[in-house]
Amino acid sequence: MENDSRQDQDRLRCLVTGASGYIGGRLVPKLLRAGHRVRCMARSLEKLRDHPWADDVEAVQGDVSDAGSVAAAMRDVDVAYYLVHSLDSGTGFESTDRIAAQIFAEQARDAGVRRIVYLGGLTPANVDQRNLSAHLRSRAEVGEIFLQGAVPATVLRAAVVIGSGSASFEMLRYLTERLPVMVTPSWVHTRTQPIGVRDVLRYLVGSAAMPPDVNRAFDIGGPDVLTYREMMRRYAVVAGLRPRIIVPVPVLTPRLSSHWVGLVTPVPAALARPLTESLRHEVVCHEHDIRQYVPDFPGRPMLFDETLALALQRVREAQVATRWSSAALAGAPSDPLPTDPNWAGGSLYRDERQLPVDASAQSLWKVIEGIGGDNGWYSFPLAWAVRGWLDRFVGGVGLRRGRRDAARLRVGDSLDFWRVEEIDPGRLLRLRAEMRIPGLAWLEMHAERDDEGGTVYRQRALFHPRGLLGHTYWLGVSPFHAIVFGGMARNITKAATKDTGTRHSAADG
């Protein structure tokens, strides 16, 4: 009985904000494995529904900027993880992050929370905060708000986080793989201290049990201090690529280089800019005191090359648990899907198509769920490519985000310039557009059966225009719908039929 009581005391109730994001989505199962009880707070509970750990956590709806929902989420919580921040480069995000952090700290105090744990950015020493990028400055300010609050806080400060699906890893990967000869900005000579995502998670989990008198920031990093140029060369070796030729050009500013990164990699310029701006100054750990509370052991922290090799292995095996694009895109639409017939939100344009399929519903669904990424969109590839290029040109995400998993989708996954809004396995896939358009758009694909038991493919595109520009946009692109959407419907049904035929031939053989 005494052991049971001690184990129960060791089990903490942890609140995780940002559980649908890259770090949060990986932290939750680690906390569960450590024996803790986990409550996840998300603006949309649907984004948590399809995670493998969804049935093992308590999910509550809320927003860190809403004091009421934060107060409800904090009830009976021991440790609160703050893993939300804005990478948006638009005006006002620093104020938004400041207010949200203040609300979180105040509600944690009122709820009797024992500890706040925050993952922030490693800032350079001896550099005036006014000279830092807005992104780094904001993350430093959020950390200070927690440290000055009434609840003891652990602020972990990391530079470049390397792991399958992380924005930093994908930026490094695509730059190195796609450009054997690179003209690069001067920041490739800046030293930084990368850390593997496994070690970040280990420190986050271990921070939950810190003594109550600990209230401070900790620098966390791997054992290697490298320039970005050295990181690219090391990546080429680990990936088995030929040596890369790297020519730095000092005229490429962080703003210009973020557009350069946006053109070459899946990481859009809006996200690449804070990543590249953080490389302007040397960011190296000045202490490793975290080991007093979360002990290291042989092989940890992981060496940079080992971290790269593990991340590449996960990518090649399609075992990427979360990606940088797991978090919702800043400014993406959040209005509900217009429903028939009771939607009263104004004009709604539709393109609806239905075709019989000489295949099983299972074969049809396999094609539907595998759409996008390397498989493409089954219609006029050049048109989709041009649309992706145009979206990148105006600052959107374009087509290069691809997929987290080549065969399986879950709610909240990014899919090129769409996001999975709803998935009913075997029946329905609904995507919400995240490209830059003057309105809201959805694309639905259904695998259905008719009255005679046959398979039917039904496809519906919806567009809710915003202002005159939105109406003009739809009228301008509608003449191409017969080619794009019509071809898409025909080719999806053909692919399903071909898949059925291939499986029958294999069985006969």
Side-chain angles (χ1 to χ4, degrees), residues 8 10-86 96-119 142 145-146 149-154 201 204-205 207-209 321-322 326-330 332-337 410-413 419-423 432:
D8 199 52
D10 291 340
R11 289 187 71 208
L12 302 172
R13 183 182 292 279
C14 301
L15 172 67
V16 178
T17 62
S20 62
Y22 177 73
I23 294 292
R26 297 186 181 213
L27 175 63
V28 169
K30 296 287 187 185
L31 290 171
L32 291 170
R33 204 167 297 134
H36 301 310
R37 292 169 291 178
V38 179
R39 177 183 294 160
C40 297
M41 185 178 80
R43 284 179 294 182
S44 171
L45 298 185
E46 291 299 310
K47 291 182 180 178
L48 305 179
R49 187 190 71 192
D50 295 334
H51 283 271
W53 40 258
D55 293 336
D56 300 321
V57 304
E58 178 189 357
V60 296
Q61 192 162 10
D63 190 306
V64 291
S65 63
D66 175 57
S69 63
V70 174
M74 291 277 192
R75 194 171 296 122
D76 300 322
V77 163
D78 299 305
V79 180
Y81 285 89
Y82 193 85
L83 301 175
V84 293
H85 57 82
S86 174
T96 300
D97 280 353
R98 182 185 310 117
I99 293 170
Q102 289 169 343
I103 289 172
F104 199 80
E106 291 165 2
Q107 296 306 320
R109 177 200 62 202
D110 294 346
V113 171
R114 288 195 241 166
R115 177 163 300 279
I116 292 173
V117 181
Y118 171 61
L119 177 61
V142 168
I145 289 171
F146 292 144
V151 177
T154 300
L201 296 171
L204 284 169
V205 173
S207 295
T322 59
S326 298
L329 183 70
S334 57
D335 294 0
L337 174 77
R410 64 189 183 206
V411 170
D413 272 359
R419 188 169 296 275
V420 179
E421 183 176 83
E422 181 57 82
I423 185 167
R432 180 191 291 275

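A side-chain donor-acceptor contact under 3.5 Å links T17 to the backbone of Y81. In this structure a side-chain-to-backbone donor-acceptor pair under 3.5 Å is missing from D63 to R43. Checking side-chain atoms of R11 against main-chain N and O of G35 turns up a donor-acceptor pair under 3.5 Å. Although no hydrogens or angles enter the test, the distance criterion places no donor-acceptor pair under 3.5 Å between the side chain of R13 and the main chain of R39.
The heavy-atom pair separating Y118 from Y82 by the smallest distance is CD1-O, 3.2 Å. Between E422 and V411, the shortest heavy-atom distance links the atoms CA-CG2, 4.1 Å. Pairing each heavy atom of L31 with each of C14, the nearest pair is CD1-CB, 4.1 Å. Smallest separation of non-hydrogen atoms from A105 and I116: CA-CD1, 4.1 Å. When every heavy atom of G412 is checked against every heavy atom of R419, the shortest pair comes out as O-NH1, 2.6 Å. Of all the heavy atoms in A19 and V28, the pair that sits closest is CB-CG2, 4.2 Å.
Atom NE2 of H36 and atom NZ of K30 lie 13.0 Å apart (nearest 0.5 Å). Distance check: Q107 CD to Q102 CD gives 12.0 Å after rounding to the nearest 0.5 Å. Remark: W53 CH2 to L27 CG distance equals 9.5 Å, nearest 0.5 Å. The line from OG of S65 to CD1 of I103 is 6.0 Å long, rounded to the nearest 0.5 Å. C40 contributes atom SG, which lies 5.5 Å from atom CG of L48 (distance to the nearest 0.5 angstrom). In this structure, L204 CG and I23 CD1 are separated by 7.0 Å, a value rounded to the nearest 0.5 Å.
Identified under the salt bridge (charged side-chain N to carboxylate O under 4.0 Å, His left out) test for residues 75-85, with sequence neighbours left out: D78-R114.
Side-chain contact between V84 and F104: absent, with no pair of heavy atoms (C-beta onward) separated by less than 4.5 Å. Between L83 and V16 there is a side-chain heavy-atom pair separated by less than 4.5 Å.
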Go through I423 and R410 one step at a time and tell me if the side-chain contact (heavy atoms from CB on, under 4.5 Å) criterion holds. CA-CA 7 Å; I423 185 167; R410 64 189 183 206; 5.6 Å; no
Evaluate the criterion side-chain hydrogen bond (donor to acceptor under 3.5 Å, both in side chains) for residue pair T154 and R115; output intermediate values, then yes/no. CA-CA 7 Å; T154 300; R115 177 163 300 279; 3.0 Å; yes
What's the verdict on side-chain contact (heavy atoms from CB on, under 4.5 Å) for V64 and M41, showing C-alpha distance, side-chain angles and the deciding distance? CA-CA 9 Å; V64 291; M41 185 178 80; 3.6 Å; yes
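E106 and R109 are not joined by a salt bridge, as no carboxylate oxygen comes within less than 4.0 angstrom of a charged side-chain nitrogen.
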